[in-house]
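Notes follow the structure.
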Protein chains: 2
Amino acid sequence: MSMRQSRQRDVVLELVRSTMDHPTANWVYRQARRRLPRISLATVYRNLKRLAAEGVIREVQSAGQARFDCNLGRHYHIRCVSCGRLGDLPLSVDARLEEQAGRATSYRILGHEVEVHGLCPLCQSRDDASHQNQ
Amino acid sequence: MSMRQSRQRDVVLELVRSTMDHPTANWVYRQARRRLPRISLATVYRNLKRLAAEGVIREVQSAGQARFDCNLGRHYHIRCVSCGRLGDLPLSVDARLEEQAGRATSYRILGHEVEVHGLCPLCQSRDDASHQNQ
DNA sequence: TTGCTTGCAAAGGGTTTGCATAGGA
DNA sequence: TCCTATGCAAACCCTTTGCAAGCAA
């Protein structure tokens, strides 16, 4: 794959793999600077994109922002509408959806994504607390 | 709902309702200018957002861009990975997904979205044509 | 008249790119 | 050495905002 090794790329990959939180580029950048204070946001973006292009990680679009996922298996996501947190949804992927979509349209089907949205536990308790003050 | 009438808003709404194509703000802007040459992109955005906030249309995020949908019923979408076209997917919505997600997580579930991706008929034939020339 | 709506221009957030330098193989 | 990867700054795209003027109620 002709990808040379670099300290920056190693750190970016380690960071994406360090969390289940599907981090944004900016989160990876902030964390990376703690180890490589001179790393630039452009380098973080280039490495995230490159790693995704090589299939080492996966890029997911959520609420209009790119997030990066080290879990390469097919799975669904759940997003908190309040804080934006994106998590894995441990459900089995619906295999029939794609054949149904193929029959229902003239598209050549390549895949599908499911994003459930709701309030994460933290934002639920934050909400409950603020309601008590009204 | 305290929404005053305006020619600009009428045109924006008419345009979103004129197509099943889930247009972007920029598409609406280009079309609107044919009828109101002095309309600004900011006005188009303000009206699209306002109409979505009032529940007259719906905003959908697709491939990192906002698109606007006059179909208020719950339904799934299909996106062409090549040209970005977003269409409706005429499949019944999976009601069990949300209860399963509720059981599998500690989120308070509010809804879910499904986007199937593939190649639309136009991009398929474009692809086939270009392969013949190789 | 009142105050919502507009056009314009500028700013904003996230992401990408040009370029000279640094640094793996 | 050769060529990829980097840091920096500027550019880019999409979207939002401040403001004075316009216009519906």
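Sequence lines set the chain letters: A, B, ... in the order given, protein chains first and strands last, and positions in each chain run from 1. As the structure is a prediction and not an experimental result, all values here were calculated from the model.
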So, is [X] near the phosphate of [N], with a side-chain N or O under 4.0 Å from OP1 or OP2?
{"X": "A:Arg38", "N": "D:dC8", "answer": "yes"}
{"X": "A:Lys49", "N": "C:dT15", "answer": "no"}
{"X": "B:Gln8", "N": "C:dT6", "answer": "yes"}
{"X": "B:Thr43", "N": "C:dG7", "answer": "yes"}

Report the distance from atom [atom1] of [X] to atom [atom2] of [N], rounded to the nearest whole Å.
{"X": "A:Asp10", "N": "C:dG23", "atom1": "CG", "atom2": "P", "result": "15 Å"}
{"X": "B:Leu41", "N": "D:dC14", "atom1": "CG", "atom2": "C1'", "result": "9 Å"}
{"X": "B:Tyr45", "N": "C:dA11", "atom1": "OH", "atom2": "C1'", "result": "15 Å"}
{"X": "B:Gln65", "N": "C:dG13", "atom1": "CD", "atom2": "P", "result": "19 Å"}
{"X": "B:Gln61", "N": "C:dG13", "atom1": "CD", "atom2": "C1'", "result": "13 Å"}
{"X": "A:Leu36", "N": "C:dA22", "atom1": "CG", "atom2": "P", "result": "17 Å"}
{"X": "B:Asn26", "N": "D:dC12", "atom1": "CG", "atom2": "P", "result": "16 Å"}
{"X": "A:Leu48", "N": "C:dG14", "atom1": "CG", "atom2": "C1'", "result": "13 Å"}

Each nucleotide N or O in nucleotides 19-25 of chain D that has a protein N or O under 3.5 Å away: list the pair and distance.
residue	atom	partner	partner atom	Å
D:dA24	N3	B:Arg4	NH1	3.2

- Query: So among B:Val60, B:Leu86, B:Leu89, which one has a side-chain contact (heavy atoms from CB on, under 4.5 Å) with B:Arg79?
  - Reply: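 For B:Arg79, the side-chain contact (heavy atoms from CB on, under 4.5 Å) check succeeds only for B:Leu86.
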- Message: Please report the interatomic distance NE2(A:His117) to NE2(B:His112), rounded to the nearest 0.5 Å.
- Response: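 Spacing of NE2 (A:His117) from NE2 (B:His112) equals 8.5 Å.
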Kindly say whether [Y] contributes a backbone atom to a donor-acceptor pair with the side chain of [X] at under 3.5 angstrom?
{"X": "B:Gln124", "Y": "B:Leu119", "value": "yes"}
{"X": "B:Asp94", "Y": "B:Arg96", "value": "yes"}
{"X": "A:Asn71", "Y": "A:Gly73", "value": "yes"}

- Message: Once you apply a heavy-atom cut-off of 4.0 Å, does B:Ala66 come out as touching a base, just sugar-phosphate, or nothing?
- Response: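 Counting heavy atoms under 4.0 Å across all strands, the contact made by B:Ala66 is with sugar-phosphate only.
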- Ring geometry between B:His22 and B:His75 (parallel below 30°, tilted from 30 to 60°, perpendicular above 60°):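 B:His75 vs B:His22 ring planes: tilted.
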- For salt bridge (Lys or Arg N to Asp or Glu O under 4.0 Å), just list the numbers for A:Glu98 and A:Arg74, CA-CA rounded to whole Å, side-chain angles, deciding distance to a tenth of an Å, and then say yes or no. CA-CA 13 Å; A:Glu98 293 186 21; A:Arg74 304 197 56 190; 2.8 Å; yes
